[in-house]
Amino acid sequence: VMPPNDEDNPATAMEISTSTSSGEISVSDDVSSTSKTTCSSQWSSRMHKWIHNPTNRMILKIAHAASTHPKLCVFGIFSFSIAMVLIGFSTNFYIEDDETKLFTPFGSRSLNHFNWIDDESGFLKTPRQMEFTIHADGNNVLGQEGPKRVFQVLDAIRNLEDYS
C-alpha cells in the first residue's frame, strides 16, 4: 500500500507564488482531482478555501509590506500601541485581578455571600497568604532548628507596625 500523494489531496495541494517585479502575491488551489470525493472531504476542501487561503494571503501581504517598508512597519506598530494605551486611559480601562469578580457569575448567590462576609458582617479581613522558605544551612530542616526558625519568622512579622 502506497501512502497518499499530497498533490492528490485537495486540502493540501496549494501553490503560493510571489512575483518580485510586480510585487503581487498569489495563493491558488489545485483542486483538479477527478477522483470521487466524499462529503467530508468536500467540506474540508471548502473550509480550506474559505478560511485558510484568505488567511495565507493576508499574512503574505503583511510580511511583504513589512519586508519592503520595515521602518514604516515599526513606526505603525509603535503608533498603534501608543494609541491603544491612550484609548485605555481615556475610557477608564483597568485590569481586574480579583478572582471572585473574574470567575464568579455576576449576581450569583455565592458572590453575594462573599461580599456580605467581606463588607457587611464585621468579620476581620482575611490575612494575606504568605510563603516562606526555611533552610538550616544544609542541615536537616525537619529537626528542632526548622520549627524554631519558622516561629522566629512569624514573630518578626507579627511585631511589624502594620500587622493586624
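The structure presented is a predicted model; accordingly, all values stated were derived computationally and were not measured. Every heavy atom of this structure was used, including side-chain atoms; hydrogens, water molecules and symmetry mates were not.
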Gap separating the [atom1] atom of [X] from the [atom2] atom of [Y], nearest 0.5 angstrom:
X	Y	atom1	atom2	answer
His48	Ser41	NE2	OG	13.0 Å
Asp155	Leu160	CG	CG	11.0 Å
His113	Asp118	NE2	CG	13.5 Å

Just list the side-chain donor-acceptor pairs under 3.5 Å for residues 68-88, sequence neighbours left out, or say none.
unit_1	atom_1	unit_2	atom_2	d
Thr68	OG1	His64	O	2.9
Thr68	OG1	Ala65	O	3.3
Ser79	OG	Phe75	O	2.8
Ser81	OG	Ile77	O	2.9

Give a yes or no on this: more than 12 heavy atoms of other residues, nucleotides or ligands lie within 6.0 Å of atom CD of Glu120.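 Counting neighbours around CD of Glu120, more than 12 heavy atoms of other residues, nucleotides or ligands fall under 6.0 Å, so yes.
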
Handout entry: salt bridge (Lys or Arg N to Asp or Glu O under 4.0 Å) contacts in which one or both residues fall within residues 87-102, not counting sequence neighbours
Key =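 For residues 87-102: none.
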
Taking a hydrophobic cluster as the set of Ile, Leu, Val, Met, Phe, Trp and Tyr residues connected by side-chain heavy atoms closer than 4.5 Å, whether directly or through intermediates, do Val150 and Val153 fall within one such cluster?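 The answer is yes; both residues are in one hydrophobic cluster.
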
When Ile, Leu, Val, Met, Phe, Trp and Tyr are grouped by side-chain heavy atoms lying under 4.5 Å apart, directly or through other members, which residues fall in the same group as [X]?
X	answer
Leu142	none
Phe93	Ile95
Trp43	Met47, Trp50, Ile51
Ile117	Trp116, Phe123

- Task: Could I get the full list of side chain to side chain donor-acceptor pair (under 3.5 Å) partners for Gln152, not counting sequence neighbours?
- Result: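 Not a single residue meets the side chain to side chain donor-acceptor pair (under 3.5 Å) criterion with Gln152.
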
Quiz item: For Thr133, what residues pass the side chain to side chain donor-acceptor pair (under 3.5 Å) criterion, not counting sequence neighbours?
Solution: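 Residues passing side chain to side chain donor-acceptor pair (under 3.5 Å) with Thr133: none at all.
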
Please tabulate, for the side chains in residues 102-110, all donor-acceptor contacts under 3.5 angstrom to protein atoms that are two or more places apart in sequence or on a different chain.
unit_1	atom_1	unit_2	atom_2	d
Thr104	OG1	Thr100	O	2.9
Ser108	OG	Pro105	O	3.1
Ser108	OG	Ser110	OG	3.4
Ser108	OG	Leu111	N	3.3

- Query: Asp119: what forms a side-chain contact (heavy atoms from CB on, under 4.5 Å) with it, not counting sequence neighbours?
  - Reply: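 In terms of side-chain contact (heavy atoms from CB on, under 4.5 Å), with neighbours along the sequence ignored, Asp119 is linked to Asn115, Lys125.
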
Partner residues of Arg149 under the salt bridge (charged side-chain N to carboxylate O under 4.0 Å, His left out) criterion, sequence neighbours left out: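 With neighbours one apart ignored, the set is Asp137, Glu145.
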
